[in-house]
Novice: 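Below you will find the structure I want to go over with you.
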Amino acid sequence: MEISGICHDRNNMRPAVPVGNDNMRKLYHFHGGIHPPSNKTQSTRATIARAPLPAKLVIPLHQHAGETAKPVARVGERVLKGQLIGMPDGVVSSAVHASTSGTITAIDMQLIAHPSGLPNLCATLIPDGKEEWAPRKTIDYRDHSPAGLQHLLRMAGVVGLGGAAFPSDLKLSLDKHKITTLVLNGAECEPYITCDDMLMRERAAEIVQGAEMLRFMLDAEEVLIGIEDNKPEAIASMRAAVAAGGHQRMEVIAVPTVYPGGGAKQLIRVLTGIEVAAGVRSTDMGVQCFNVATAYTIHRAFAHGEPLLSRIVTITGNVMHPRNYEVLIGTPIAELVALGVALPDTDSYIMGGPMMGFPLPSVQVPLVKATNCIIASSKKIFPPPPPVMPCIRCTRCADVCPADLQPQDLFWFAQSREFGRAQAFNLFDCIECGACSYVCPSHIPLVQYYRFAKSEIHAREHDKQLADKARVRHDYREQRIEREKQEKADKLAAREKAAQAARLADAQPLTPQQQAEQAELETSRAHIRELAQSAVEHADEGTTK
Amino acid sequence: MFFSPLISKSDSVSAIMLKVLLALLPGIVLYVWYFGPAILVSITLASLTALGTEALMLKLRDRPIMPFLKDNSALLTAWLLALSIPPLAPWWMVVVGTAFAIAIAKHLYGGLGNNMFNPAMVGYAVLIISFPAQMTHWIAPHGMVISELTFPQQLDFIFHDVLPDSDTLDALTMATPLDTLKTHLHLDQPMRQILDMPIYGRLAGHGSEMVALGFLLGGLYLLASRIISWHIPAAFLGTLFVLAGIFHLADPAHYAGPLFHWFAGASMLGAFFILTDPVSSPTTNKGRLIYAAGAGLLTYLIRVFGGFPDGVAFATLLMNICVPLIVLYTQPKVFGKKGSQP
């Protein structure tokens, strides 16, 4: 049993004794976690199949975290498979490619797979069925600098395939940090999802080679591949691949099955004992984490010159034939659903797993790089939640929180809009895994409250920034007006001074004779004034008497 | 529109409260076994009053009635209060205490989940302060007094305050073991002699110690089914044990031992059912330890040095006041900020 190797010590300094642990490695424990029914076996009975070429592809130009790629193909242009159609725009951005050869018929706003249900810029591609490739350039990564390889990944559109779709090249930029450990995430803890499991079973050698490339770019010492122990086939397959490839200091480790054990922070914790706090980069602590499918994609990019054009997706839930498919990016979800054959009582479709996924706004939206799973949903599979009751502070939520938060307090603060206190109680350490909502006996949609509080705080900070900017602008304007006034006054004073100086300069110096004349003139004037004064005084006396 | 997570553990407030009610059953069965069925009358009366008051308050507060009536929380308050007061207490006392607990202590504070004080203990405090005489009508266990009332006679007394001509109240009721101990210690009788009185059993009071054992059994079920965590019962009983042990070792003639304090009075009921009320107790584990240790200390002080025979109710209420402060100062460190990295 692998789980007996787990360290239950909360302070984590003491290693667990690896008794009966075929990992022969000490593992660490994170607080909380839940054990929802896994529902994974349905979709692992058949091997990965290639989805047929659809009649139309809609390729969003914003499939990654960061800025939307800039369209570089023209409407009406014939493009080849793998041809760049979206140029990365900005630091945090990634490239987008034509998933097959065909004609671009539109570049416009279309509905995409996003919880907001808002449209985004997409390129519509009508395939010609020829699958004609653009020139592919394979490289030996050892001949390139890490910076050069990073650029290649950016231009190959490689992003994290675990769900966040963060551009992978950015996770490889390390200025000063020494990376000790590369963690490869094959935990796949969400129920229903099996795309990583099947990829590891069937294409382990390529994943492991991708891991080797990542190790080279990071200059990492060891590679730890974490897989939950409910996937024995994947573990065996990956171990065989590591052994066959003769990879040194690379280890496949069975980790206990507990949700959210596949969260990057949780997996890093279990494998290395390191806790990466919110707002801290794992690289600051010598660890970097990539999904197994991302490693596979990197291998395809370097060893085959193929940009990210397809991915493995699980179609499961309320369908006749749950299975994993390799699907071209941009394929309408409806095509995938048709392959699985949704049962008649299906009422909606979930992208992602039941814990963190979201209902699709429409089944016509295209599949994107982040789509790992589509679950056909019915009232039987996901019954509507019972009515919400008040919180009774039972702290089941706190017991399962992997971030050691006090969800019942955060709920209280979010509900009463005390956002400052919510922040003080570490709201932003919440990873929104949903474990709290899962166990809540009052059926409170806790995660929704936290998302609400976070977005309110973000909105307020945004408003505050705008207000700060406005105040700075206003202060600057006031200063400018003041300064201009001062300058005007200074200028006026200077002009006057200059004029006076000019007047003085104009006046001729007087000769002694002229001075004497002037003095005489002044004396006589004074005398006259004196006489006039005394006359007025006498007159005054006459009238008062 | 629905939101993730789309799945949930099938648990509910109503189911949790029901399990707590079930956990009280062993204690209640032993209560009936040793003291007769009068307690069932109090429990029924309290239950009906609680449900009626709950419905009325929900109506007045314009809240949905059925979901809250079905949550079993009012029933739990009713049972705990009924178990805290003498079974022969007049019917109107049960009604007044329960109605006060539900209307004032629960609903005026905002209803389920918002009451700062344990409603059952508020009801108890109101009764013991307002009607101290009636609160001493404890039935003697079977075989302890010469005449015992039949069930119809008990009903007659509870509802009409009428006793059979041959009986007096003093002949039928008796002080609790804790009360008796206190009285006799005041009279300077030695401990050994007091505990040899027939009302005392192996651990504490004859009969009542078995009821306490029943509550302990129910409490262990609550622990096993993870309805409650170990922190509150352990800290409460631990503190009581240590304090009683120290005093008993220092002066065994004047201070009863730790096991006596565990099985006398409301110790077991308090440790597993009253102090553990999630709404009015701390939410952090460290906080729970402090809260329950404080309650253990206060219970001991009130029992041994105070004016009331038992102290669990007042200890609970006094510690309820401290809960917000305790919680504020016992916040656990969050992930990544514990300061101990390998």
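The sequence lines fix the lettering, A, B, ..., with proteins before strands; numbering per chain opens at 1. Just so it is clear, the values below take in all heavy atoms, side chains as well, and ignore hydrogens, waters and symmetry mates.
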Novice: Please state whether the side chain, the backbone, both or neither of A:Pro384 comes within less than 4.5 Å of a heavy atom of chain B.
Specialist: neither
Novice: Taking every non-hydrogen pair under 4.5 Å, which of A:His443, A:Gln448, A:Met389, A:Met356 racks up the most with chain B?
Specialist: A:Gln448
Novice: Which atoms of B:Ile16 are under 4.5 Å from chain A, going by heavy atoms: the side chain, the backbone, both sets, or neither?
Specialist: side chain
Novice: If I measure from the heavy atoms of chain A, does B:Arg63 come under 4.5 Å with its side chain, its backbone, both, or neither?
Specialist: neither
Novice: Can you check side chain to side chain donor-acceptor pair (under 3.5 Å) on B:Asn320 and B:Asn118, steps first, answer last?
Specialist: CA-CA 7 Å; B:Asn320 283 164; B:Asn118 187 315; 5.6 Å; no
Novice: Atom NZ of residue position A:Lys178 - does it have more than 12 heavy atoms of other residues, nucleotides or ligands inside 6.0 Å?
Specialist: yes
Novice: Side chain from CB out, backbone as N, CA, C, O: work out which of these in A:Asp409 comes under 4.5 Å of a heavy atom of chain B, or both, or neither.
Specialist: side chain
Novice: Taking A:Gly352, A:Gly357, A:Cys394 one by one, which has the highest count of heavy-atom pairs under 4.5 Å against chain B?
Specialist: A:Gly357
Novice: Examine whether an atom of A:Pro36 lies under 4.5 Å from a heavy atom of chain B, and if so say whether it belongs to the side chain, the backbone or both; otherwise answer neither.
Specialist: side chain
Novice: Closer than 3.5 angstrom, by distance alone: can the side chain of B:Thr283 be matched with the main-chain N or O of A:Arg393 as a donor-acceptor pair?
Specialist: no
Novice: For B:Thr276 and B:Ser281, run side chain to side chain contact (heavy atoms under 4.5 Å, CB included): C-alpha distance rounded to whole Å, both residues' side-chain angles, the deciding distance at 0.1 Å, then the answer.
Specialist: CA-CA 7 Å; B:Thr276 51; B:Ser281 65; 6.0 Å; no
Novice: Is a salt bridge present between B:Lys337 and A:Asp429, judged by a nitrogen-to-oxygen distance below 4.0 Å?
Specialist: yes
Novice: Which bit of B:Ile228 comes within less than 4.5 Å of chain A, counting heavy atoms only: side chain, backbone, both or neither?
Specialist: neither
Novice: Which bit of B:Asn114 comes within less than 4.5 Å of chain A, counting heavy atoms only: side chain, backbone, both or neither?
Specialist: side chain
Novice: Does A:Arg281 CZ have over 12 foreign heavy atoms under 6.0 Å away?
Specialist: no
Novice: Quick one: do the B:Lys106 and B:Ser73 side chains pair a donor with an acceptor below 3.5 Å?
Specialist: yes
